[in-house]
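By convention in this document, chain letters (A, B, ...) are assigned in the order of the sequence lines, proteins followed by strands, and residues within each chain are numbered from 1. Quick note: numbers below take in every heavy atom, side chains included, and nothing from hydrogens, waters or symmetry partners.
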Protein chains: 2
Amino acid sequence: MMKNPKRMFKDRVYEQLARIGKAVASPQRLELLDLLSQGPRTVENLAQEAHLTVANTSRHLQILRAARLVEAEKEGVFVRYRVADEAVADFFRSLRVLAASRLAELDQITRHFFKDRDALEPVDRQALLARVRKGLVTVLDVRPPEEYRSGHIAGAMSLPLHALQERLAELPRNQDIVAYCRGPYCVLAAQAVELLREHGFRAVRLEDGVTDWRAHGLPVARGDKAF
Amino acid sequence: MMKNPKRMFKDRVYEQLARIGKAVASPQRLELLDLLSQGPRTVENLAQEAHLTVANTSRHLQILRAARLVEAEKEGVFVRYRVADEAVADFFRSLRVLAASRLAELDQITRHFFKDRDALEPVDRQALLARVRKGLVTVLDVRPPEEYRSGHIAGAMSLPLHALQERLAELPRNQDIVAYCRGPYCVLAAQAVELLREHGFRAVRLEDGVTDWRAHGLPVARGDKAF
DNA sequence: CTACTATTCAATTAATTAATTGAATAGTAG
DNA sequence: CTACTATTCAATTAATTAATTGAATAGTAG
């Protein structure tokens with residue numbers, strides 16, 4: 001039976017919407033989107049971070065590119081990928097937030113992994129921002145510096161985890177330290193808090209990443225400056 | 001090589017996130033979610049609306065249910081499905097909005113289908129709301145009444161498309177009429193506007209559905225009353 | 001121009017997903 | 001209890017997706 005025009009229109013519309021859905025139907029592509037939400041990266045770098053072969057990473061990036069979620073630019077022999085628009089990072093975040101609220105298994109996995117690693121205290125974001133502005137608390141961004149430069153919580157200083165051990169002297173001992181990284185499923189900040197506490201600092205972990213901060217309408221800065 | 005605990009944790013987290021992605025990777029499931037975002041429906045009703053067999057519809061609903069996006073309750077021999085949480089409807093909308101902004105093909109398909117059917121004028125939502133409150137414009141919800149009752153733009157009256165022809169006398173001729181339905185890819189409102197104009201009414205189509213209205217922080221009412 | 005680097009592509013194999021069909025299940029009217 | 005309704009499940013077939021491997025491509029240093 002010939003489809004009526006309305007039905008054909010509907011089918012085509014949902015096929016288009018499904019292009020986005022299919023792009024995010026793979027754990028590997030979701031991890032790549034998560035990483036790219038923090039800033040641009042090369043294929044080799046992404047492969048390394050996500051524990052994938054370069055060929056497989058490239059394949060997944062082609063799929064994301066076909067769905068217009070990421071873009072690429074050549075830099076010599078390197079190809080640097082980025083999210084095509086901030087809206088893509090926001091979409092990734094909304095998928096993550098929905099999963100967190102709907103899938104008890106995700107909560108269990110996370111609780112089990114982070115147990116005893118840090119004290120996740122409910123942080124009042126506005127209060128934290130106010131205290132940052134008054135210089136009463138130190139907010140540490142423990143991601144790689146390129147991610148910091150791409151966007152960081154306004155007022156945060158960059159102190160990558162791998163450099164933390166030898167730069168402890170730069171940190172104040174008379175005030176609280178709040179460390180953050182890429183979001184609730186990133187372990188960099190938890191490791192940082194662990195190390196800081198071992199050296200007697202008063203440190204807690206902020207679950208938010210930059211996209212969460214921005215989603216709550218809070219200020220995000222770019223470049224090397226804290227604000 | 002044995003995976004380190006961090007890598008295993010990451011893999012499990014993204015596998016969980018992918019449960020959501022996989023659930024929305026099918027055009028058919030996206031249509032079902034779109035329909036359910038407007039209000040609860042039975043399997044048979046969904047199958048009819050989406051042009052699927054009952055068995056296939058049921059299969060897709062099991063998949064959405066496994067991802068905790070929809071819930072079901074028995075009513076006699078009928079099973080009525082609903083979105084598990086308003087956040088699911090909001091997520092569907094964010095996927096739709098992202099697709100609209102990223103996929104030129106979707107725009108082309110839509111423009112081609114709606115060409116000449118209605119005048120899509122940019123509607124200032126706040127201004128429209130103010131005019132509704134002053135009684136200067138009539139907002140028509142042309143979806144089925146159950147969808148109206150589940151949630152409608154505050155101030156809208158329910159006048160389902162199939163009943164429009166014989167209820168034209170209820171409509172004012174001395175003021176503008178704004179018709180809406182399920183969102184930018186629903187054709188009910190466009191058809192309503194066409195019919196209204198043929199009978200000399202001043203009518204335009206509002207692209208927004210209820211989830212768009214709510215996403216913009218605008219008031220949504222439930223039940224039979226307009227406000 | 002050669003030999004390297006990083007990346008992408010194509011072919012292959014394996015795994016997953018989708019629709020159909022008929023059976024099974026659950027609820028209910030008479 | 002029977003015969004109906006609506007829905008779900010399982011088996012089957014077909015289509016799609018995913019990872020690997022080796023080849024191909026593009027850029028560049030010397």
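- When each of D:dA19, C:dT7, D:dT8 is scored by its nearest atom to the side-chain atoms of B:Arg65, the top-ranked nucleotide is D:dT8.
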Could you check A:Thr42 against A:Glu44 for side-chain hydrogen bond (donor to acceptor under 3.5 Å, both in side chains), going step by step and ending with a plain yes or no? CA-CA 5 Å; A:Thr42 64; A:Glu44 190 174 287; 6.0 Å; no
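- D:dA11 is paired with C:dT20 under the criterion used here, namely a Watson-Crick or G-U wobble arrangement in which both key atom distances are under 3.5 Å.
- Spacing between atom CZ of A:Phe78 and atom P of C:dT5 amounts to 11 Å, rounded to whole angstrom units.
- Under 4.0 Å is where a charged nitrogen must lie from a carboxylate oxygen, and between A:Asp90 and A:Arg214 at least one such pair does.
- In summary, B:Glu86 and B:Arg222 engage in a salt bridge, as defined by a charged side-chain N under 4.0 Å from a carboxylate O.
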Sub-3.5 Å pairs of nitrogen or oxygen atoms, protein against nucleotides 9-17 of chain C:
none

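- Side-chain contact, B:Tyr180 with B:Asp141: a donor N or O sits under 3.5 Å from an acceptor N or O.
- The nearest heavy atom of DNA chain D to A:Thr53 and to B:Asn56 marks one nucleotide each, and the one closer to the 5' end goes with B:Asn56.
- Between the CD atom of B:Glu44 and the P atom of D:dT7 there is a distance of 5 Å, rounded to whole Å.
- In this structure, A:Leu64 places its CG atom 12 Å from P of C:dT8, rounding to the nearest Å.
- Of the candidate nucleotides D:dA6, C:dT7, D:dA19, D:dA19 has the atom nearest to the side chain of A:Gln28.
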B/S/- along nucleotides 24-30 of chain C (protein heavy atoms under 4.0 Å) is ---BS--
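- Judged by distance alone, the side chains of A:Arg111 and A:Gln108 never bring a donor and an acceptor atom under 3.5 Å apart.
- For B:Arg19 and B:Tyr14, the positive end is not near the middle of the six-membered ring at less than 6.0 Å and at most 45° from its axis.
- The side chain of A:Tyr81 contributes an N or O atom lying less than 4.0 Å from OP1 or OP2 of C:dT8.
- Ion pairing of B:Glu49 with A:Lys10 is absent here, as no side-chain N (NZ or NE/NH1/NH2) approaches a carboxylate O to less than 4.0 Å.
- Both distances falling under 3.5 Å, in either a Watson-Crick or a G-U wobble arrangement, place D:dC1 opposite C:dG30.
- Heavy atoms of A:Thr57 sit nowhere under 4.0 angstrom from any nucleic acid atom.
- Distance CD (B:Glu31) to P (C:dA19): 12 Å, rounded to an integer number of Å.
- Atom CG in B:Leu52 sits about 8 Å away from atom P in C:dT20, given to the nearest Å.
- Classified by interplanar angle (parallel below 30°, tilted 30° to 60°, perpendicular above 60°), the ring pair B:Phe113/A:Phe9 is parallel.
- Side-chain atoms of B:Val79 lie closest to D:dT8 of the nucleotides D:dT8, C:dT7, C:dA19.
- The pair B:Arg182-B:Asp34 does not count as a salt bridge, with every side-chain nitrogen at least 4.0 angstrom from each carboxylate oxygen.
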